[in-house]
Structures are given as C-alpha cells and as structure tokens.
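Below: the structure, in structure tokens.
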Amino acid sequence: QVQLVESGGGLVQAGDSLRLSCAASGRACSSYTMGWFRQAPGKEREFVAAITWSGHTIVYADSVKGRFTISTDNAKNTVYLQMNSLKPEDAAVYYCAARFSFTSSGRTGPPGYWGQGTQVTVSS
C-alpha cells in the first residue's frame, strides 16, 4: 500500500507561482512512476505531468509545458510540481498519483494510487 499526501495548494493571482508537494510512503513507493493530475469543476480529471524517481523520464501535458516543472527528492520520497505563470484555467484540484504507465505524448494508464487532492485557485 502507498500513501500520498499533497500540500501547497492555495489562492494566487494570474502570473504568480506555486509549488505543490507530494510526500509518498509505503511499500515499494520509490519504484513507481509518480505524477500529477488535475480536475476542474465540471471537467474530467486530466494528466499534468509524470516523472520516474530517477528523474530520467519526464512528460508534461501540452497545456503546462514551459510553465510547470516536476521533480523528485528521493531522500524525502517527495515529488514536487513547480507551477509558474499560472493562468485562471490552471485552477483545479491537483492530485498526486503513483504507479501508472505513460507515453511521451502524455497518454496515461490509470494510476494505482491517488492522494486526497489540493485546491489551486487562480484569480484573474
């Protein structure tokens, strides 16, 4: 079993930055692909970014390329999502996810584990 705990959400203005954190714990969590998804009201949950714990493979959704950066701190079993130049359309509940497949184009399989989510609100 893997536990994922997100933090770092909040209310910001358009153009601001925010960093989300996801602390992972549990058996074999460091062997899983990690990533972030988001869900805005009335919309389906969508992929944002994925990373392997080695950091060798990283994929982003087209909508966040050049603005968001995903990274890991293996010593802390923590995954980060640095979000810069935030836009109102980035507002959503952001979910940390673990153990899923992904392609270079951003297609993913269903994650095996989810965090509880953290709210990001961007005012214009």
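We're numbering straight along the sequence, starting at 1.
Tested against Phe37 for a ring-ring contact (aromatic ring centres under 6.0 Å, His included), the candidates Tyr113, Phe100, Phe102 yield a single pass: Phe100.
Between atom NZ of residue Lys87 and atom OG of residue Ser85 there is a gap of 8.0 Å, rounded to the nearest 0.5 Å. Separating the CD atom in Glu6 from the SG atom in Cys22 is a distance of 5.5 Å, to the nearest 0.5 Å. In this structure, Thr57 OG1 and Ile51 CD1 are separated by 9.0 Å, a value rounded to the nearest 0.5 Å. Taking CD from Gln119 and OH from Tyr94, the interatomic distance works out to 9.5 Å, rounded to the nearest 0.5 Å.
For Ser54 (side chain) and His56 (main-chain N/O), a donor-acceptor pair under 3.5 Å exists by modelled atom type.
Linking Ile, Leu, Val, Met, Phe, Trp and Tyr residues whenever their side-chain heavy atoms come within less than 4.5 Å places Phe47 and Val93 in a single cluster. In the hydrophobic cluster analysis, where Ile, Leu, Val, Met, Phe, Trp and Tyr join through side-chain heavy atoms closer than 4.5 angstrom, Leu4 is grouped together with Trp36. Both Tyr32 and Ile58 belong to a single network of hydrophobic side chains, linked directly or stepwise wherever heavy atoms of I, L, V, M, F, W or Y lie under 4.5 Å apart. Under the 4.5 Å side-chain contact rule for hydrophobic residues, Val48 and Val122 share a cluster. Put simply, Ile70 and Val2 are part of the same group of oily side chains (I, L, V, M, F, W, Y) that touch within less than 4.5 Å, one to the next.
Side-chain N/O atoms of Ser123 and Gln13 include no donor and acceptor closer than 3.5 Å. No hydrogens or angles considered: nothing links the side chains of Thr78 and Asp73 as a donor-acceptor pair under 3.5 Å.
Nearest heavy-atom pair, Ala40 versus Ala92, reported as atom, atom and distance to 0.1 Å: N-CB, 3.8 Å. Closest non-hydrogen pair, Pro88 versus Ser124, comes out as CG-CB, 3.8 Å. The shortest heavy-atom contact between Gln82 and Asn84 is NE2-OD1, 2.9 Å. Across all non-hydrogen atoms, the minimal contact from Cys96 to Met34 is SG-CE, 3.9 Å.
Under the 4.5 Å side-chain criterion, counting only non-hydrogen atoms from C-beta, Val120 is in contact with Met83. Side-chain contact check for Thr118 versus Leu20: some heavy-atom pair is nearer than 4.5 Å.
Within the structure, salt bridge (Lys or Arg N to Asp or Glu O under 4.0 Å) contacts touching residues 32-41 (residues at least two apart or in different chains) are Arg38-Glu46, Arg38-Asp90.
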Carefully, step by step, assess Phe68 and Leu86 under the rule side-chain contact (heavy atoms from CB on, under 4.5 Å).
CA-CA 9 Å; Phe68 290 12; Leu86 281 161; 3.9 Å; yes
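Geometrically, Arg45 engages Tyr95 in a cation-pi contact defined by less than 6.0 Å to the ring centre and at most 45° from the axis.
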